Amino acid sequence: MIFEFIFIFLIYLFVIPVVFYWTEVRQLPEWLRFPPFNCRKCLTFWTLIGISLVIGLPFELYWLMGTGIIMAILTAIAMTVEQRNKTIKL
């Protein structure tokens, strides 16, 4: 069980900078330029959900899957709050 938490934390630490690089530094590939994946928040959320499900379901690592989904939701909430705080209200 502790291995699953460490593994999902390592996945999280890998996904966050890669998604930042893809969306903020470099343009997304042409096949990812549509609404569910075109912003950093959305791409981070769906990448974390997808990796958690792809690894969790076939290997029956339900703790990994649940933790990954919870981390994805909390990250999306944090990015939404950060976006609201950085937006200038006219």
Side-chain angles (χ1 to χ4, degrees):
M1 187 165 100
I2 193 75
F3 170 72
E4 295 172 12
F5 287 120
I6 293 170
F7 190 58
I8 196 65
F9 185 69
L10 291 175
I11 290 170
Y12 182 81
L13 288 177
F14 175 75
V15 166
I16 296 296
V18 169
V19 168
F20 176 80
Y21 178 74
W22 274 356
T23 56
E24 304 295 328
V25 177
R26 185 175 171 219
Q27 291 291 332
L28 283 172
E30 189 66 34
W31 54 274
L32 276 178
R33 290 186 195 159
F34 55 92
F37 303 112
N38 60 355
C39 69
R40 183 174 150 214
K41 174 178 56 173
C42 302
L43 185 59
T44 302
F45 176 76
W46 289 112
T47 303
L48 287 172
I49 293 284
I51 290 174
S52 298
L53 291 175
V54 165
I55 293 173
L57 285 176
F59 298 110
E60 297 179 1
L61 300 172
Y62 300 117
W63 282 99
L64 182 138
M65 190 172 52
T67 305
I69 291 171
I70 290 170
M71 287 178 71
I73 292 169
L74 291 176
T75 302
I77 291 170
M79 287 182 171
T80 303
V81 169
E82 178 188 21
Q83 186 178 17
R84 275 194 207 141
N85 290 338
K86 287 185 175 182
T87 303
I88 298 172
K89 297 175 180 139
L90 298 176

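For the numbers below, each heavy atom of this structure counts, side chains included, while hydrogens, waters and symmetry mates do not. Because the structure is a prediction, the values reported are computed rather than measured.
For Phe5, the CZ atom is densely surrounded, since the number of other residues' heavy atoms within 6.0 Å is greater than 12.
When the side chains of ILVMFWY residues are joined at heavy-atom separations under 4.5 Å, either directly or via intervening members, Trp46 and Leu57 end up in a single hydrophobic cluster. Note: the hydrophobic cluster containing Phe59 also contains Met71 (ILVMFWY, side chain heavy atoms under 4.5 Å, direct or indirect links). Follow the hydrophobic side-chain contacts under 4.5 Å out from Ile70 and you never reach Met79; the two are in separate clusters.
The distance from the CD1 atom of Ile6 to the CG atom of Leu64 is 11.5 Å, given to the nearest 0.5 Å. Atom CD1 of Ile69 is separated from atom CD1 of Ile8 by 9.0 Å, given to the nearest 0.5 angstrom. Atoms CD1 and CE, from Ile49 and Met65 in turn, are 10.5 Å apart once rounded to the nearest 0.5 Å. Here the CG-CG distance, from Asn38 to Leu28, works out to 7.5 Å after rounding to the nearest 0.5 Å. Put simply, CZ on Phe7 and CD1 on Ile55 are 4.0 Å apart, with the number rounded to the nearest 0.5 Å.
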Can I get a per-line list of side-chain donor-acceptor pairs under 3.5 Å for residues 9-26, giving both atom names and the distance, sequence neighbours left out?
from	atom 1	to	atom 2	distance (Å)
Tyr12	OH	Thr75	OG1	3.1
Thr23	OG1	Val19	O	2.8

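Smallest separation of non-hydrogen atoms from Phe45 and Ala72: CD1-O, 3.5 Å. Contact detail for Leu43 and Thr47: the closest heavy-atom pair is O-OG1, 2.6 Å. Contact record, Ser52 with Leu48: OG-O, 2.8 Å, taken as the closest heavy-atom pair.
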